[in-house]
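What follows is a short report on a single structure.
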Amino acid sequence: MGIKRREFLGLTALGATGALLWQGRNLLRSRNSSPLAAPIPEIYRSEGGSLEINLEARYEDVILGGEPTRNMMTYNGQIPGPRLEVQPGDRLIIHFKNSLDQPTNLHFHGLHLSPEGNQDNVFLHIEPGETFHYELEIHPQQRAGTYWYHPHHHGFVAEQLFQGLAGLIVVRGDLDELPEIRAAQEEFFVLQDFNRDRPPQGMMDSHMNLMAGREGNLITVNGLFHPEIAVTKDLLRLRLLNASPSRFYRLQLYGQKLMQIAGDGGAFSQPLERDELLLTPGQRAEVLIKTQDLPKTPIHLLNLPYQRAQMGMMGQQYNNATVAIADFTPSAQTFAPVQIPAQLIPVESLPEPSRTRRFTLNHGMVPGQGMAFLINGEAYRDQPQTTVRLNDVEDWEIVNTGTMDHPFHVHVNGFQVVSRNGVPEENIAWADTVLVRVGETVKIRIAFRDFSGKTVYHCHILDHEDLGMMGQLEILPAS
Ligand code: C2O
Ligand code: CU
Ligand code: CU
């Protein structure tokens, strides 16, 4: 009575063979149960140059999309996890504990950190019951912006995000100091999707879902279903993160223009006016909205349809409806006109590259492995596939010869998009994840600065990453 059962599918990868084993996990939802974890994430801010926190990955009953949901994966009992706020030059110490029943670790997506030791090391295996001491030195030149942390243990990444593991890391700095932006109402939107009320599926069908990249039928903003945000100031600053494993968000604020002021790697040099905003998995954006222009009725933030695969292909069935994911409700007061600064933060352009490399994205059959997702014809293996030199600047041409879109992500160093299909990119900006559509060639320019060591690049549709679309990058010390 009062308890509904549903199937929740968990995936375990058998690393050695690459075979996939399905496990059914029952998730119970109950009403009137004992107190449930708060849906609003905690905020931890650095003080006096450091921030030291305890962070535990553990199962917890949470309120998700307004309903008690049992046994989700959380950081400190919360979905999304606590928001960490730091400044360039800070030390961030995380006493991490893995209380899950599978291995995990932490990745600090977008931050310019050492990939080694106890910093942004995605090769760590933190086993169930183990603790690990992370000690991050936020780089003194780290660009202010919206970054995030999530698990990165190969083979478990998509599942662990799909069950809730993700949190924001905000680096405060120059953009936050611009007077108009400082005065704005700041809201953070962590976009996640989860599976709810989906019928149990057979192995074939589920494997198809993984190849497409899993999407859930519940979209949440900060763990909430369709929240209402009261508008209280003349200028609204929205900071968005796509923390979904596979879903693309194509956002539109019904009838309003969005002024985008920042992307993955912090501020643009000038604001860009947009009718809509496409956020692939992993990407972040900041937009400003002049609230004087808003109608006096609640206004929807819409998620519009997006086809991320060719017709008839895997992934094509998704995101085919327009849904409102949040409402903005103006308060009774009238808002004053505001000027959005015409100049934001200057963006340096990178010097000419010393070489150009090519990365071809596709999927295909691999003997003994079945369908795998490939970069230059190879699935991920634990040895360097690309070796570069510290302080070099390179152009990378990312070519998508497959039938599905792939958002390409590089760790440790940000990059700038140079061109798409040979057409030069107008807005020079820092990014760490770039969409490469079916048939497209995207050229990015990347400088390997400050840190040598091994790290990775991969598709940020995390099922594709888990199924092999990742490469190891070794940055050798300068010669
Ligand atoms: Cu957000 Cu390697 O990923
Ligand atoms: Cu990353
Ligand atoms: Cu992909």
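Since the structure is predicted, the reported quantities are computational estimates derived from the model, not experimental observations.
Contact check on R172 versus E186 returns a salt bridge, with a Lys/Arg side-chain nitrogen under 4.0 Å from an Asp/Glu carboxylate oxygen. Comment: R237 engages D176 in a salt bridge, judged by a side-chain N to carboxylate O separation of less than 4.0 angstrom.
There is a side-chain donor-acceptor pair under 3.5 Å between H154 and E465. With 3.5 Å as the limit, one finds no donor-acceptor pair spanning the side chains of D432 and Y147.
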Yes or no on side chain to side chain contact (heavy atoms under 4.5 Å, CB included) for L111 and D120, after CA distance, side-chain angles and deciding distance? CA-CA 9 Å; L111 291 179; D120 189 23; over 6 Å; no
Kindly indicate, with the supporting measurements, whether the criterion side chain to side chain contact (heavy atoms under 4.5 Å, CB included) is fulfilled by T104 and F96. CA-CA 11 Å; T104 192; F96 182 71; 3.9 Å; yes
Checking H464 against H458 for the ring pair (Phe, Tyr, Trp, His ring centres under 6.0 Å) test, could you report, in this order, the C-alpha distance in whole Å, the side-chain angles of both residues, the deciding distance, and whether it holds? CA-CA 8 Å; H464 296 175; H458 59 87; over 10 Å; no
Begin with the C-alpha distance, continue with both residues' side-chain angles, and end with the deciding distance and a verdict on side chain to side chain contact (heavy atoms under 4.5 Å, CB included) for H363 and M211. CA-CA 9 Å; H363 56 274; M211 289 195 287; over 6 Å; no
When you look at L238 and F328, which way does the side chain to side chain contact (heavy atoms under 4.5 Å, CB included) test go after all the steps? CA-CA 11 Å; L238 253 188; F328 292 97; 3.8 Å; yes
Result block: side-chain N/O donor-acceptor pairs under 3.5 angstrom for residues 447-454, not counting sequence neighbours:
{"from": "R449", "atom 1": "NH1", "to": "E348", "atom 2": "OE2", "distance (Å)": "3.2"}
{"from": "D450", "atom 1": "OD2", "to": "H112", "atom 2": "NE2", "distance (Å)": "2.8"}
{"from": "D450", "atom 1": "OD2", "to": "H139", "atom 2": "NE2", "distance (Å)": "3.4"}

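Residue Q256 holds its CD atom at 11.5 Å from CG of L301, rounded to the nearest 0.5 Å. Note that CD of E286 is 9.0 Å distant from CG of L240, once rounded to the nearest 0.5 Å. A distance of 12.0 Å separates CD of E135 from OG of S114, quoted to the nearest 0.5 Å. Atoms CD1 and CD, from I93 and E137 in turn, are 10.0 Å apart once rounded to the nearest 0.5 Å. Between atom CG of residue L161 and atom CZ of residue F194 there is a gap of 9.0 Å, rounded to the nearest 0.5 Å. Residue I169 holds its CD1 atom at 6.0 Å from CZ of F108, rounded to the nearest 0.5 Å.
Between the side chain of E228 and the main chain of T329, no donor-acceptor pair closer than 3.5 Å is present. In this structure a side-chain-to-backbone donor-acceptor pair under 3.5 Å is present from T220 to Q192. Looking at D193, its side chain never comes within 3.5 Å of a backbone N or O of S244 through a donor-acceptor pair. The main-chain N or O of I289 is never found under 3.5 Å from a side-chain atom of T291 such that the two would form a donor-acceptor pair. Looking at Q78, its side chain never comes within 3.5 Å of a backbone N or O of G167 through a donor-acceptor pair. In terms of modelled atom types and a separation under 3.5 Å, the side chain of D466 and the main chain of V157 share a donor-acceptor contact. With N303 contributing its side chain and R250 its backbone, the two residues share a donor-acceptor pair below 3.5 Å. Formation of a donor-acceptor pair under 3.5 Å by the Q160 side chain with backbone atoms of L165 is not found in this model. Within the 3.5 Å criterion, the main-chain N or O of R214 finds a donor-acceptor partner in the side chain of D463. A donor-acceptor contact shorter than 3.5 Å is absent between the side chain of Q252 and the backbone of Y254.
Between V412 and P115 the shortest heavy-atom distance is CG2-CB, 3.8 Å. The shortest non-hydrogen separation linking K97 to G129 is CE-O, 4.4 Å. F268 approaches G263 most closely through the heavy-atom pair CE2-N, 3.5 Å. D174 and A144 get closest at one heavy-atom pair: OD1-CB, 3.8 Å. For the residue pair Q472 and F123, the shortest heavy atom distance occurs at NE2-CE2, 3.5 Å. Considering all non-hydrogen atoms of both residues, I79 and Q163 come closest at CD1-O, 3.8 Å.
Contact of the V221 side chain with the V190 side chain is not registered, since no non-hydrogen atoms from C-beta on lie closer than 4.5 Å. Side-chain atoms of H133 and N118, non-hydrogen and from C-beta on, do get closer than 4.5 Å to each other. The shortest side-chain heavy-atom distance between H125 and N98 does not fall under the 4.5 Å cut-off. Side chains of V434 and D264 form no contact here, defined as non-hydrogen atoms less than 4.5 Å apart. In this structure, the side chains of N242 and H460 stay at 4.5 Å or more apart for every pair of heavy atoms. Contact check for Y249 versus I219: side-chain heavy atoms found under the 4.5 Å cut-off. Looking at heavy atoms from C-beta onward, L168 lies in side-chain contact with T146 at the 4.5 angstrom threshold. When side chains are defined from C-beta on, L100 counts as touching Y59, because their heavy atoms get closer than 4.5 Å.
Not counting sequence neighbours, D405 has no partner by the salt bridge (charged side-chain N to carboxylate O under 4.0 Å, His left out) test. The side chain to side chain contact (heavy atoms under 4.5 Å, CB included) check on I53 picks up Y44, L51, L55, L84, I94, with sequence neighbours excluded. Applying the salt bridge (charged side-chain N to carboxylate O under 4.0 Å, His left out) criterion to R143, with sequence neighbours excluded, gives no partner residue. Listed by chain and residue number, I126, E127 satisfy the side chain to side chain contact (heavy atoms under 4.5 Å, CB included) test with E130 (two or more places apart in sequence, or in another chain). Residues forming a salt bridge (charged side-chain N to carboxylate O under 4.0 Å, His left out) with E52 (at least two apart in sequence, or on another chain): none.
The distance between the ring centers of W396 and F415 does not fall below 6.0 angstrom.
Note on ring orientation: taking the six-membered ring where Trp is involved, the planes of H406 and F373 are perpendicular (angle over 60°, cut-offs 30° and 60°). Using a 30° and 60° split on the angle between ring planes, H150 and H107 fall in the perpendicular class, above 60°. Between F359 and Y457, the ring planes lie perpendicular to each other; the angle is over 60°, past the 30° to 60° tilted range.
Under a cut-off of 6.0 angstrom, the local environment of CZ in R182 is sparse, with at most 12 non-hydrogen atoms contributed by other residues, nucleotides or ligands.
Residue F248 forms a side-chain contact (heavy atoms from CB on, under 4.5 Å) with just one option from L279, I461, L304, and that option is I461.
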